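Quick caveat, the model's predicted, so the values are computed rather than measured.
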Amino acid sequence: MSGNSDVRRYPGFGPLSVLFFVYLYLPIAVVVFYSFNANRIVANWGGFSLHWYSTALSNAALVGAVKTSLLVAAVATTLSTVVALMAALVIVRGRQVRFRRASETIVNLPLLLPEIVVAVAVLILFSELGLTSGLLKLMIAHTTFCIPFAFLPIRARLQGMDADLEEAARDLYASGWVAFRRVTLPLIMPGVFSGAMLAFVISMDDFITSNLLNSGGATTLPVYIFSLIKQGVSPQLNAISTLIMIVSVVLATVAFLVQRRR
């Protein structure tokens, strides 16, 4: 068999692919379908209605949770991306930096540890420090575990960049800051954008840490949805899930178009 044979010609590949996508997306399609159910009981179809969408959008607690999640995610994304960018520059370009490999391991450490361990450690630390602001605790914790997710795409992009371009800029009497701003940053911007988007999604999706640090009215969207699930599945919960999926698809589409354009 030749090395460049088409995998789509393998026996059973087509049916298995169809079965895989049905298994993956059928539950999502069911959630979307029943979000338009007029009946309060999810399993009983009572006709098409947008009532649960209007109810979800007029829910003050839900809107507050969305605002909290967006604020925490925006702060965590900004800070974690900046820290990840600086760490990537030092680790990839700083060949003479001592303990470079150890530093890279420390940056990626939140990826290696179970999230519950990190969440408990952060909770104990904040208790010892006497930090009571729930929003501030969420921002600090989310920034911490988002750093490695932003770091990996930036590091990969920086490793694939030709270092001779920076040296050429320095040979043309550009300062280090000018060379970074005019040469390095534009070339690694797709990686920076990918890292920021990944950090934003991870922050918005986090439940374990947010649930442990949930205090002072700082309730994020995943924590609020979990409180609804404990009361039973309702068409309003399906509507909220559908809205989240729509926003996720829009963000993924925008990221894809930006990456493709660059």
Got a second to check how far [X]'s [atom1] is from [Y]'s [atom2], nearest 0.5 Å?
{"X": "M139", "Y": "T78", "atom1": "CE", "atom2": "OG1", "answer": "10.5 Å"}
{"X": "I154", "Y": "M189", "atom1": "CD1", "atom2": "CE", "answer": "9.5 Å"}
{"X": "I202", "Y": "T209", "atom1": "CD1", "atom2": "OG1", "answer": "11.0 Å"}
{"X": "I225", "Y": "T219", "atom1": "CD1", "atom2": "OG1", "answer": "12.5 Å"}
{"X": "F126", "Y": "L138", "atom1": "CZ", "atom2": "CG", "answer": "8.5 Å"}
{"X": "I116", "Y": "L123", "atom1": "CD1", "atom2": "CG", "answer": "9.5 Å"}

Donor-acceptor contact below 3.5 Å, side chain [X] vs main chain [Y]:
{"X": "S227", "Y": "Y224", "result": "yes"}
{"X": "R155", "Y": "A84", "result": "no"}
{"X": "S35", "Y": "V32", "result": "yes"}
{"X": "S54", "Y": "H51", "result": "yes"}

Hey, mind stepping through L71 and T68 against side chain to side chain contact (heavy atoms under 4.5 Å, CB included) and telling me if it holds?
CA-CA 5 Å; L71 177 60; T68 300; 5.9 Å; no
Test side-chain contact (heavy atoms from CB on, under 4.5 Å) applied to F207 and V223, T220, L212, the passing residue
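Looking at V223, T220, L212, the match for F207 under the side-chain contact (heavy atoms from CB on, under 4.5 Å) is V223.
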Should [X] and [Y] be regarded as members of a common hydrophobic cluster, given that ILVMFWY residues are connected when their side-chain heavy atoms come within less than 4.5 Å of each other, either directly or indirectly?
{"X": "L221", "Y": "I208", "value": "no"}
{"X": "V72", "Y": "V118", "value": "yes"}
{"X": "V183", "Y": "L158", "value": "yes"}
{"X": "L213", "Y": "L125", "value": "no"}
{"X": "L152", "Y": "V201", "value": "no"}

Mind checking ring pair (Phe, Tyr, Trp, His ring centres under 6.0 Å) for Y25 and listing every partner two or more places apart, or none if nothing turns up?
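Expected list: none.
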Would you please test V192 and T81 for side chain to side chain contact (heavy atoms under 4.5 Å, CB included) and show each step?
CA-CA 7 Å; V192 175; T81 303; 3.8 Å; yes
Minimum heavy-atom distance between [X] and [Y], given as atom pair plus value:
{"X": "S203", "Y": "A73", "result": "OG-CA, 3.3 Å"}
{"X": "P153", "Y": "S194", "result": "CB-CB, 4.1 Å"}
{"X": "L24", "Y": "P27", "result": "O-CD, 3.9 Å"}
{"X": "S80", "Y": "A150", "result": "O-CB, 4.1 Å"}
{"X": "L57", "Y": "V63", "result": "O-CG2, 3.7 Å"}
{"X": "P222", "Y": "D206", "result": "CG-O, 3.4 Å"}

The complete set of ring-ring contact (aromatic ring centres under 6.0 Å, His included) pairs with one or both residues in residues 52-95, sequence neighbours excluded, reads F36-Y53
Pairwise ring-ring contact (aromatic ring centres under 6.0 Å, His included) hits with a residue in residues 145-168, at least two apart
H142-F145
Within 6.0 angstrom of F48 CZ, more than 12 heavy atoms from elsewhere
yes
For L70 and M204, what are the C-alpha separation, side-chain angles and deciding distance, and is it a side chain to side chain contact (heavy atoms under 4.5 Å, CB included)?
CA-CA 7 Å; L70 289 176; M204 287 290 296; 4.1 Å; yes
Please tell me if the side chains of I140 and L131 come closer than 4.5 Å, counting only heavy atoms from C-beta onward.
yes
Determine whether I240 and N59 satisfy the following criterion, side chain to side chain contact (heavy atoms under 4.5 Å, CB included), listing intermediate values before the conclusion.
CA-CA 11 Å; I240 295 173; N59 189 332; 5.8 Å; no
